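Let me begin by presenting the structure, written as structure tokens, before commenting on it.
Only a predicted model underlies this, so the values are computations on that prediction, with no experimental measurement involved. These numbers come from the heavy atoms of this one structure, side chains and all, not from hydrogens, waters or symmetry mates. Each chain gets a letter, A, B and so on, in the order the sequences are listed, and its residues count up from 1.
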Number of protein chains: 2
Amino acid sequence: MKKILHIIAEAPLFNGLAEDQLNQVRQISVDKFYDKGKTVFLEGDDCNGFYIVADGKVKIYKVSFEGKEHILHIYGPGNPFGEVPVFSGRKFPASAQTLLKSHLLFFPRTAFVDLISNNPSLALNMLAVLSMRLRQFTVQIENLSLKEVPGRLASYLLYLTEEQGRPDSVTLNISKGQLASLLGTIPETLSRILGKMNKQHLIEAGGREIKILDFRGLEDLAEYGKLQ
Amino acid sequence: MKKILHIIAEAPLFNGLAEDQLNQVRQISVDKFYDKGKTVFLEGDDCNGFYIVADGKVKIYKVSFEGKEHILHIYGPGNPFGEVPVFSGRKFPASAQTLLKSHLLFFPRTAFVDLISNNPSLALNMLAVLSMRLRQFTVQIENLSLKEVPGRLASYLLYLTEEQGRPDSVTLNISKGQLASLLGTIPETLSRILGKMNKQHLIEAGGREIKILDFRGLEDLAEYGKLQ
DNA sequence: CCAATGCCTTGACTTAAGTCAAAAAAAAAT
DNA sequence: ATTTTTTTTTGACTTAAGTCAAGGCATTGG
């Protein structure tokens, strides 16, 4: 377990705060520990605070009437989640579950709102975090409505190359089933598309290791969204 | 032209602010007038402020590589838009165009950030507005990925009954082509589905006036998302 | 009143992607 | 190592929704 103050200081949400402010943040945070596959909250639950991932991995998802699940986000260390109902309404708009044994920091609503009220730079950070989220959602909606699955997959692979800092190979850090859900499709379809991409020498997929053979081709696909 | 201070005071963003604070807000706002069909900003443009609709109607949209357009939102009087890049990045993540002759209030970035920094309740209002947006986006993503077009249309009609305060009839305030785009589909498909809904006596559509014949049936459709 | 433009609907066809079912492969447990 | 369980892939089939093309309807202006 890493030092909690360090985790807090590293989180974008608390970026640039002075030391005594970080200590105040630490004061109101509550440690929570979860095993793998545990529910943190369910859609519709009353919210009295939000979380930051200190260690582990959490998925945010929605479930359709027939029980089909769609993953909206997967968050790792440093990422906050569940902040929306802190400022609007009282209920979580989606559900959260751990994908790994996880250590979360919980920030109670009232204490946090007090902190923000007395701390303009924290308020601005929070605004920045929410704005970033909105930006990501805009992209996600664009992908879902304007692109077909191959295009969405290409975008995701390109995003991974960036995140992992290598342009020629990436490692999936979630199962293919989860990736399918994140892309708004099903495992069978994802599998078939990966197969096609292999055949066209865009990538070379071996399990969770994916070699990028044609970076430019993926970019085209992410733009155009057509794969023949 | 209505009194600008009145418009400002009515906007959710400035809800509950004291009178001198409202005056400060008024001080920094700049009036802008647009004819119908004019571009307010384009995706990727540098942002140095955001807007509130004083009068008229504005669509926020994205365009795919092939030129296909998807409407993300349509905003009317009192709604702010373009706030995202004020707090994150510098570029607009989508484009905005007027659907009617419109009067907009523009709030320059730096002046507004200053105002927020000295005004915790304004900061909290802004957080609430962004959170509400995120909530709506969550629903939109759920709709796009979990429901078929009939389900999305049913959701939209139910939303209209609520907004217009009548459970038995609604009026479309945008063209069917625009509605199709807002629902993430095309006019032909929308037309066919409206036809089917008529045939099944869920609704009775006559131009932009739509009678709701089977409210419960629409609710089922919005939940299940299947139309036979 | 009639042209003219833009908006909406209809029909025939295509296609991306979902469903169902089963096999294969990989991972976990004994 | 060998079961057991989970994940992934493959195949045959269905279906929702997109494309293309044509026709109808309605609103506006001459």
Side-chain angles (χ1 to χ4, degrees), chain A residues 35-37 59 64-71 99-101 143-154 171-200 203-210 221 224-228, chain B residues 36-37 59 64-71 99-100 143-154 171-200 203-210 221 224-228:
Chain A
D35 279 337
K36 176 181 169 175
K59 72 172 173 194
S64 76
F65 197 84
E66 299 109 322
K68 216 164 50 172
E69 164 183 316
H70 180 213
I71 299 178
L99 291 176
L100 301 174
K101 198 163 184 287
N143 282 341
L144 282 171
S145 59
L146 256 31
K147 287 186 206 161
E148 296 168 353
V149 181
R152 291 181 234 157
L153 174 57
T171 307
L172 299 181
N173 51 357
I174 50 177
S175 79
K176 290 188 181 165
Q178 285 163 357
L179 175 57
S181 173
L182 197 56
L183 296 176
T185 186
I186 56 172
E188 292 95 317
T189 299
L190 175 62
S191 177
R192 286 185 239 269
I193 289 169
L194 281 170
K196 269 196 200 170
M197 284 183 167
N198 266 304
K199 210 174 295 171
Q200 298 187 218
I203 60 172
E204 195 178 311
R208 291 199 176 182
E209 295 298 318
I210 298 181
L221 193 54
Y224 277 102
K226 292 276 174 201
L227 188 70
Q228 39 275 10
Chain B
K36 175 180 170 177
K59 73 173 173 193
S64 76
F65 197 84
E66 299 107 323
K68 216 164 51 172
E69 162 182 317
H70 180 213
I71 298 179
L99 291 176
L100 301 174
N143 282 342
L144 282 172
S145 59
L146 257 31
K147 287 187 206 159
E148 296 167 353
V149 181
R152 288 180 237 160
L153 174 57
T171 306
L172 299 182
N173 52 357
I174 50 176
S175 79
K176 290 190 181 164
Q178 285 163 359
L179 175 56
S181 174
L182 197 56
L183 296 175
T185 186
I186 56 171
E188 291 97 318
T189 297
L190 176 62
S191 177
R192 287 185 239 269
I193 288 170
L194 281 170
K196 269 195 196 169
M197 285 182 165
N198 266 305
K199 211 173 295 168
Q200 299 188 216
I203 60 173
E204 196 179 309
R208 290 198 177 183
E209 295 298 316
I210 297 182
L221 192 55
Y224 277 102
K226 291 278 173 201
L227 189 71
Q228 40 275 9

Can you check the [X] [atom1] to [N] [atom2] distance for me, whole Å?
X	N	atom1	atom2	value
L194(A)	dT9(D)	CG	P	7 Å
L99(A)	dT6(D)	CG	P	16 Å
L179(B)	dC8(C)	CG	P	10 Å
M197(A)	dT9(D)	CE	P	13 Å
L190(A)	dT8(D)	CG	P	9 Å
K196(B)	dA16(D)	NZ	P	6 Å
L144(B)	dA16(C)	CG	P	20 Å
L221(B)	dA16(D)	CG	P	12 Å

Has the side chain of [X] got a donor or acceptor atom that lies under 3.5 Å from a matching backbone atom of [Y]?
X	Y	result
S181(B)	E69(B)	yes
E209(A)	G206(A)	no
K176(B)	E188(B)	no

Can a side chain N or O of S191(B) be found less than 4.0 Å away from OP1 or OP2 on dT9(C)?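 For dT9(C), OP1 or OP2 has a side-chain N or O of S191(B) closer than 4.0 Å.
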Taking only N and O in the side chain of T185(B), is any of them less than 4.0 Å away from OP1 or OP2 of dG18(D)?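 For T185(B), the contact criterion (side-chain N or O under 4.0 Å from OP1 or OP2 of dG18(D)) is met.
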Closest nucleotide of DNA chain C for R192(B) versus for I174(B): which of these residues is on the 5' side?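 By nearest-heavy-atom nucleotide position, the 5'-most residue is I174(B).
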Nearest to the side chain of [X] - [options]?
X	options	value
I186(A)	dG18(C), dT9(D), dT19(D)	dG18(C)
K176(B)	dT10(C), dA17(C), dC8(C)	dC8(C)
K68(A)	dT8(D), dA17(D), dT19(C)	dT19(C)

Out of L153(A), L182(A), V149(A), which residue meets the side chain to side chain contact (heavy atoms under 4.5 Å, CB included) rule with L190(A)? L153(A)
